[in-house]
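These notes concern the structure reproduced below.
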Amino acid sequence: GQNIDQPTEMTATEGAIVQINCTYQTSGFNGLFWYQQHAGEAPTFLSYNVLDGLEEKGRFSSFLSRSKGYSYLLLKELQMKDSASYLCAVKDNDYKLSFGAGTTVTVRA
Amino acid sequence: GAVVSQHPSWVICKSGTSVKIECRSLDFQATTMFWYRQFPKQSLMLMATSNEGSKATYEQGVEKDKFLINHASLTLSTLTVTSAHPEDSSFYICSAKSPGVETEAFFGQGTRLTVV
């Protein structure tokens, strides 16, 4: 089975940095995705990690440690528009995605 | 990037009726598409894997006779919710796999189904 854990909620101020952790225990691993989802909308792709290490893309970075079953998404220079739910998803060998419950990030002025 | 179009964006239907949701890959051929369901404040749950030209593979607990999936062409998969009931009200989202692209799953816009 798949077990993916991430915090339920996080709050931060505009301009700050927030780190969303994701731990996983899955049968089969072929990559980890991070998605951003605003209420009532489909998820938007943020990042993909398949090898250990840090992937940086503008204000967003994602880290993966396969041996620890751990990933994090780092959001820098937070903006109000970053208020959303952030989903961690693990891809298995059949390309199926198993999603965590999502972390709701609230950015305050 | 690849584009996946889902239609309709929202639908309201009466209890007992059937609703069809379409998922199209617009600029690539998708041999595999996935259907997810998301209840309010919950994450996406995979319902089934749709394979072109063959029967869909359903996840445990998903009734295949209630959620009919047809993947008749390389660019179209449909999900039909049969005999819908209020508890089927949810956000349904499809995604498609683009051949040779392993680094991203392409999602449709989602369909908000409300059964009254």
Side-chain angles (χ1 to χ4, degrees), chain A residues 1-9 20 22-24 26-51 53 55 57 60 62 64 73 83-106, chain B residues 1-10 21 23-24 30-52 54 56-62 89-114:
Chain A
Q2 316 294 67
N3 188 22
I4 301 167
D5 291 315
Q6 52 182 128
T8 304
E9 294 180 327
I20 307 170
C22 173
T23 58
Y24 62 90
T26 58
S27 54
F29 178 88
N30 198 18
L32 186 145
F33 291 87
W34 283 97
Y35 286 89
Q36 180 192 63
Q37 186 180 29
H38 287 98
E41 299 180 9
T44 303
F45 171 79
L46 291 179
S47 69
Y48 173 74
N49 295 68
V50 66
L51 300 176
E55 293 281 343
K57 188 184 293 185
F60 294 172
S62 58
L64 175 68
L73 178 69
S83 293
S85 181
Y86 291 85
L87 309 176
C88 171
V90 173
K91 181 176 69 169
D92 68 12
N93 295 329
D94 294 323
Y95 208 81
K96 292 182 181 179
L97 293 183
S98 296
F99 284 84
T103 300
T104 300
V105 171
T106 302
Chain B
V3 178
V4 176
S5 176
Q6 189 172 337
H7 178 82
S9 299
W10 58 270
I21 303 170
C23 180
R24 293 180 184 274
T31 55
T32 304
M33 292 185 176
F34 302 90
W35 287 96
Y36 296 85
R37 178 168 55 183
Q38 185 176 34
F39 291 107
K41 300 197 176 186
Q42 295 185 26
S43 193
L44 283 76
M45 295 298 295
L46 179 65
M47 299 176 65
T49 302
S50 171
N51 299 298
E52 188 270 336
S54 64
T57 304
Y58 290 82
E59 296 300 301
Q60 190 173 7
V62 178
S89 298
S90 187
F91 192 51
Y92 293 85
I93 309 176
C94 69
S95 75
K97 182 183 183 306
S98 178
V101 179
E102 300 296 327
T103 57
E104 185 174 349
F106 302 99
F107 284 89
Q109 305 95 315
T111 299
R112 173 72 59 193
L113 169 64
T114 303

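Hydrogens, waters and symmetry mates play no part in the numbers below; they use all other heavy atoms, side chains included. Per chain, numbering begins at 1; letters A, B, ... match sequence-line order. Given the structure is predicted, the values throughout are model-derived calculations rather than measurements.
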Contact class of B/Leu44 relative to chain A, heavy atoms under 4.5 angstrom: both

What are the two closest heavy atoms between B/Gly110 and A/Ala42, and how far apart are they? N-CB, 4.5 Å

All salt bridge (charged side-chain N to carboxylate O under 4.0 Å, His left out) counterparts of A/Glu55, not counting sequence neighbours: none

Choice from A/Ser85, A/Pro43, A/Ala89 maximising heavy atom contacts with chain B below 4.5 Å: A/Pro43

Is B/Gln6 in contact with chain A via its backbone, its side chain, both, or neither, using a 4.5 Å heavy-atom distance? neither

If you measure from CD on A/Gln37 to CZ on B/Phe107, what distance do you get to the nearest 0.5 Å? 9.0 Å

Please list, chain by chain and in numerical order, all residues satisfying side chain to side chain contact (heavy atoms under 4.5 Å, CB included) with A/His38, sequence neighbours excluded. A/Gln36, A/Glu41, A/Ala84

Please list every donor-acceptor pair under 3.5 Å in which a side-chain atom of residues 97-104 of chain A meets a protein atom from a residue at least two apart or in another chain.
from     : atom 1 : to     : atom 2 : distance (Å)
A/Thr103 : OG1    : A/Gln6 : NE2    : 3.0
A/Thr103 : OG1    : A/Pro7 : O      : 2.5

Residues of residues 31-41 of chain B near chain A, each having a heavy atom less than 4.5 Å away: B/Phe34, B/Tyr36, B/Gln38

